[in-house]
Amino acid sequence: MTHHNETKGLNDNAVLAARTLHGYNEIPQTSKRGAVRLIGEVVREPMFLLLLSAAGIYLLIGSLDEGLLLACFALLSIGLTVFQEHRSERALQALRELATPTVRVIRAGAIRRIPARELVPGDCMFLDEGERVAADAIVRHGIGITVDESLLTGESVPVRKCSAETQPDRSRSYPGGDDSPLVYAGTLICSGHGQAEVLSVGAATEMGRIGKAID
């Protein structure tokens, strides 16, 4: 992890080095697979070929009902695959829309507002009520911070956050529960304000892992 001075933040050279190592703070955009490509992948699946072969055999031996039933199952497998791909694309897009567009950071001794995709590990970012957390981070200083982590945990009740100085034990490094110094990308700050050091960006965040699992 890139270290920074709590009052001056990262300089431009440190930012460039961190971005080269970790990339941009965004969920990677996967190439969309068209319906024709999806259908082509399905028809090469052994299960589909087995169903199609069985349907052909039943039709050849004169069992029309069984042959048509198996043919319907084969077509249904194509439809389910296309439907599931569409759902996955919509879920990934919904995750990307949760990303906050800009964030305030301290860099080279100055407070700047930058695009959130330009955050890197080691950045010192501000946490403010009503904003979404831009990256996974550890709270260095905070007053009255509560966070809605329902995106990650399903629990709608906001959880209380504390600073790393008052809660140095980071062995519980997963979302949910009160008095953790860790905050996560995409979650919503319900109250309070503070500063946090970025730990993970992009696909390495908890939200990024969800995106990879959906893809």
Side-chain angles (χ1 to χ4, degrees), residues 1-12 14-15 18-19 22-27 94-211:
M1 182 180 64
T2 306
H3 296 286
H4 73 287
N5 183 290
E6 290 185 1
T7 58
K8 293 187 176 180
L10 299 177
N11 59 36
D12 292 341
V15 170
R19 183 168 299 127
H22 300 281
Y24 282 96
N25 181 35
E26 57 191 3
I27 298 176
L95 284 178
R96 294 189 188 99
E97 290 174 356
L98 287 175
T100 185
T102 62
V103 61
R104 286 191 306 142
V105 298
I106 301 175
R107 283 188 178 172
I111 297 177
R112 307 180 190 176
R113 182 168 287 277
I114 64 170
R117 70 185 296 269
E118 295 182 3
L119 277 175
V120 297
D123 259 328
C124 179
M125 67 177 180
F126 288 85
L127 305 175
D128 292 300
E129 180 177 339
E131 295 185 351
R132 289 197 178 272
V133 181
D136 288 6
I138 183 166
V139 178
R140 293 303 183 193
H141 307 287
I143 299 175
I145 298 176
T146 62
V147 182
D148 178 356
E149 295 184 345
S150 57
L151 167 70
L152 303 175
T153 65
E155 296 293 334
S156 59
V157 178
V159 294
R160 184 174 59 247
K161 297 296 178 178
C162 63
S163 69
E165 283 72 14
T166 60
Q167 183 61 271
D169 181 13
R170 291 167 50 194
S171 59
R172 183 175 63 79
S173 59
Y174 49 84
D178 289 321
D179 297 325
S180 166
L182 301 175
V183 291
Y184 301 92
T187 59
L188 179 67
I189 305 213
C190 299
S191 64
H193 61 274
Q195 297 175 25
E197 178 185 352
V198 175
L199 300 177
S200 304
V201 297
T205 64
E206 289 296 319
M207 187 168 69
R209 293 188 185 100
I210 294 175

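Bear in mind the structure is a predicted one, so any value in this text is a computation, not a measurement. In what follows, residues are counted from 1 in the order of the sequence shown.
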* Walk me through it: do Lys161 and Leu127 pass the test side chain to side chain contact (heavy atoms under 4.5 Å, CB included)? => CA-CA 11 Å; Lys161 297 296 178 178; Leu127 305 175; over 6 Å; no
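Not counting sequence neighbours, the partners of Glu26 by the salt bridge (charged side-chain N to carboxylate O under 4.0 Å, His left out) test are Arg117. Under the salt bridge (charged side-chain N to carboxylate O under 4.0 Å, His left out) criterion, Arg112 pairs with Asp12, not counting sequence neighbours. Residues meeting the side-chain hydrogen bond (donor to acceptor under 3.5 Å, both in side chains) test with Asn11, sequence neighbours left out: none. Applying the side-chain contact (heavy atoms from CB on, under 4.5 Å) rule to Ala185 yields the partners Asp136, Thr205, Met207; only residues at least two apart in sequence or on another chain are considered. Applying the side-chain contact (heavy atoms from CB on, under 4.5 Å) test to Ala203 and every residue at least two apart in sequence or in another chain returns Pro28, Lys212. Checked against side-chain hydrogen bond (donor to acceptor under 3.5 Å, both in side chains), Arg19 has no partners two or more places apart in sequence or in another chain.
Atom NZ of Lys8 and atom SG of Cys124 lie 14.5 Å apart (nearest 0.5 Å). Considering CD of Gln195 and CZ of Arg140, their distance stands at 11.0 Å, rounded to 0.5 Å. To the nearest 0.5 angstrom, Glu131 atom CD is 9.5 Å from Leu188 atom CG. Expressed to the nearest 0.5 Å, how far CG of Asn25 lies from CD of Glu118 amounts to 10.0 Å. Note that the OG atom of Ser163 and the CD1 atom of Ile138 stand 9.0 Å from one another [nearest 0.5 Å]. Within the model, atoms NE2 of His141 and CD of Glu197 stand 10.5 Å from one another, a figure rounded to the nearest 0.5 Å.
Side-chain contact between Leu182 and Leu199 is present, with heavy atoms from C-beta onward closer than 4.5 Å. Taking the side chain as every heavy atom from C-beta outward, Val120 and Val201 never approach each other to under 4.5 Å.
The one candidate from Asp123, Val133, Val105, Val183 that meets the side-chain contact (heavy atoms from CB on, under 4.5 Å) condition with Val198 is Asp123.
Under the 3.5 Å distance criterion, the side-chain polar atoms of Arg107 are left unmatched by any main-chain donor or acceptor of Leu10. Side-chain atoms of Arg160 never come within 3.5 Å of backbone atoms of Ile145 as a donor-acceptor pair (strictly under, hydrogens ignored).
Here the closest heavy-atom approach between residue Ala116 and residue Val103 is recorded as CA-CG1, 4.0 Å. In plain terms, the two heavy atoms of Leu119 and Ala135 that are nearest each other are CD1-CB, 4.1 Å.
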Return all side-chain donor-acceptor pairs below 3.5 angstrom for residues 151-158, not counting sequence neighbours, or 'none' if the list is empty.
residue: Thr153; atom: OG1; partner: Glu149; partner atom: O; Å: 3.1
residue: Thr153; atom: OG1; partner: Glu155; partner atom: N; Å: 3.2

